[in-house]
Protein chains: 2
Amino acid sequence: MTRPTIHDVARVAGVSLSTVDRVLNDREGVREKTRSRVMSAINSLGFERNIAAANLSRKRRYRLCFILPDGQNSFMRVLEEDVAEEAAAALRDFTVIETRKVPAFDAGALAELLRSLDPESVDGVAMVATDATIVRIAVRELRARGVAVVTLVSDLPGSEKQGFVGIDNVQAGRTAGSLLGRFCRGRTGRIAMVSGSMLLRDHAERRLGFEQVLRSEFPDQTIIAPLEGLDDKDRVRDQLAERLAQDPDIVGVYSLGAGNRGVAEALSGLPAGRDVSVVVHELTRFSREALLDGSFDAVLHQNSRREVQGAIELLRRLLDGEPQPALSEPIRVEIYMRDNLP
Amino acid sequence: MTRPTIHDVARVAGVSLSTVDRVLNDREGVREKTRSRVMSAINSLGFERNIAAANLSRKRRYRLCFILPDGQNSFMRVLEEDVAEEAAAALRDFTVIETRKVPAFDAGALAELLRSLDPESVDGVAMVATDATIVRIAVRELRARGVAVVTLVSDLPGSEKQGFVGIDNVQAGRTAGSLLGRFCRGRTGRIAMVSGSMLLRDHAERRLGFEQVLRSEFPDQTIIAPLEGLDDKDRVRDQLAERLAQDPDIVGVYSLGAGNRGVAEALSGLPAGRDVSVVVHELTRFSREALLDGSFDAVLHQNSRREVQGAIELLRRLLDGEPQPALSEPIRVEIYMRDNLP
DNA sequence: TTGAAAGCGCTAACAA
DNA sequence: TTGTTAGCGCTTTCAA
């Protein structure tokens, strides 16, 4: 009933504790014969090392740096809070987390920050990436200096990052299409899309998925060219309100970036009889209220808390030397409606 | 940068390690004056005890027992697998998990099993409850013997269980109503409900939530009296097929229990032009396929793996002496459609 | 009412 | 190439 320890392994193999330790940690200087003796002792006893004891002994500390975009985007501010809370919790696991902010969508600033990172004080980095070559280069240099790097929420394909923690945005767009298509069934007309900017990778991917599904599954609906609201509430409101007024056949709206307030305001100006189904992204205080009062029909969400936890987990496992760590469970595209709000 | 330890606390308070330990663990035999001296040292240093080290030292072991219903219900069989897998993982945290099965819906058998549990060999119990007074009494007795008890998936309100890990089934029903109502908009008609048995608490709650939403938000739709398929595929198929044939106005089906195969088979017999929207419960290999091929429109799901993890976490915290531990995150009613399948 | 010392399972010098 | 020994932060005898 009591688990075997390295003492047991050492006894059975007829060697000392240090030799067992060497074998366990793949250290140099063990004869092949000895190693196999130890290995068979391990197997026959079913030994599994006690990680807590190992960490206690080794006084391992993980120093992580989270890099987030600055600015008003409320999803990012929630993410920042999540990082702060998880940082407090992570302290108990000997993990120290520092948060740095860079101007949003400023690849130069991000690259510069990455370049300034000192491996003497940082073991691993989790970053919300801005998609640019200069950032890829900075990532490569950082890796060369021995720092682990993963991307968070927004990926950097083609870089030397060792992992990505976030949702599949094409899938998110497809899900939005699937929902909105069904919601608008029986009311053939036009569907409006509101994006931040098609220059953003995430937004482009969501649009792609959305159009795929709508075209193939709900061909009766017409998609109109996306409005680019630059994630700015007022711009989104003005553009969408104008479009809704011009085009009485719009029966559905998919907002795939920030600017939910603008969407809600534009809709609130509609005449009483007009019925428009709405799907947006990110569950916040605001979108939650909008679900409850019926302004929005569904909200697609990514669990930013779990994303932060995932990034921490991934970095720790990279630093522990695991070659290709993967998240135990992927981050999912969650669907919220008024009635399954958490 | 390095965390304070009990050594630091002892030094600052001018006492020995054992005294600090006594204060930390609320043990007898410390003068009030000494205790307060230690407390202020703890506070001024911001000391937080290293739980891993404490557990290592005390060689704590948690012996848990999971009680699940026996039988063919595929959700329960998945749950059983999850328990087995988490049990293997929990071993590393000094947690030994034993699984016991009792005949489904047999309150007497469950109560008897609870009564047979020996506090000498079990510290905590997680059970899928059957709702009956005899079970409540057995729970009280078990608690009196010093065993921690939580309910899993199916709750036992009014008992002395110390927690519940599962979804809110009224909320699940409401969510189904909200989805199906929207899916069927523009096709006013009748909505059929398929349940296992209205004697089951979970099913009754789901029905309640479903009807609430449909009546208040989609009053044009008529709900027909629920079919009781007893979670049996063939029964479900026959009953539903007959109903669909009789009533060409049925535009939506909500299946709130097991028997998804029966639902799919009944639907597959429908003439080509007929369009029925379908919402069911529990994501399995089968319901997944049905989403992909379009037979089902949405599947409501509870993450049984996380439920098991939650129950383990809750029990451990109860055994650690936390008075009212709560799950860090509630178990959610998840919505899956073809495009956000994990 | 307090303290000293041994030890939990593992790692990391240092010696041999 | 292998072994000895002193901790990591905390708990737990046993003595004082």
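Residue numbering restarts at 1 for every chain, and letters A, B, ... go by the order of the sequence lines. Side chains included, hydrogens not; waters and symmetry mates left out as well; all remaining heavy atoms used.
Residue contacts shown for A/Arg49 are limited to sugar-phosphate atoms, with no base heavy atom under 4.0 Å away. Among the protein residues, A/Arg35 comes within range of no part of the nucleic acid, since none of its heavy atoms lies under 4.0 Å from any strand. If you check every strand for non-hydrogen atoms under 4.0 Å, B/Thr5 touches sugar and phosphate atoms only. Among the atoms of the strands shown, none is found under 4.0 Å from any heavy atom of B/Phe94. As judged by a 4.0 angstrom heavy-atom cut-off over every strand, A/Val15 is placed among residues touching the sugar-phosphate backbone only.
Remark: A/Arg58 is not in phosphate contact with D/dC8, judged by side-chain N or O atoms under 4.0 Å from OP1 or OP2. Taking 4.0 angstrom as the limit, B/Asn55 places none of its side-chain polar atoms (N or O) nearer than this to OP1 or OP2 of D/dC10. Taking 4.0 angstrom as the limit, B/Thr34 places a side-chain polar atom (N or O) nearer than this to OP1 or OP2 of C/dT2. Contact between the side-chain N/O atoms of B/Ser57 and the OP1/OP2 oxygens of D/dG9 is not found at any separation under 4.0 Å. The side chain of B/Arg22 contributes no N or O atom lying less than 4.0 Å from OP1 or OP2 of C/dT1.
Taking atom NZ of residue A/Lys59 and atom P of nucleotide C/dA12, one finds them 11 Å apart after rounding to whole Å. For B/Leu56 and D/dG7, the CG to C1' distance is 13 Å, given to the nearest whole Å.
Here the CG atom belonging to A/Leu45 is positioned 9.0 Å from the CZ atom belonging to A/Phe47, to the nearest 0.5 angstrom.
A/Glu334 has a carboxylate O that lies under 4.0 Å from a charged side-chain N of B/Arg332, or vice versa, which qualifies the two as a salt bridge. Under a 4.0 Å N-O distance rule, the pair B/Lys161/B/Asp155 qualifies as a salt bridge. Under 4.0 Å is where a charged nitrogen must lie from a carboxylate oxygen, and between A/Arg77 and A/Glu81 no such pair does. Using a 4.0 Å cut-off between a side-chain N of Lys or Arg and a carboxylate O of Asp or Glu, A/Glu98 and A/Arg63 do not qualify as a salt bridge.
For D/dT4, the base has a donor-acceptor partner in the side chain of A/Ser18 [N/O atoms by modelled type, under 3.5 angstrom].
If you check D/dT12, D/dG9, C/dT11 against the side chain of B/Asp21, the one that comes closest is D/dT12. Taking only side-chain atoms of B/Ala53, from C-beta outward, the nucleotide of D/dC10, D/dC8, C/dC8 with the closest atom is D/dC10. The side chain of B/Ile6 approaches D/dC10 more closely than any other nucleotide in the set D/dC10, C/dT2, C/dT11. Of the listed nucleotides (D/dC8, C/dG3, D/dG3), C/dG3 has the atom at the smallest distance from the side chain of B/Ser16. Proximity note for A/Asn50 (side chain, C-beta onward) versus D/dC10, C/dG3, C/dC10: the nearest is C/dC10.
For the pair B/Leu17 and A/Ile51, both in contact range of DNA chain C, the more 5′-proximal nearest nucleotide belongs to B/Leu17. The nearest heavy atom of DNA chain C to B/Arg37 and to A/Arg27 marks one nucleotide each, and the one closer to the 5' end goes with B/Arg37.
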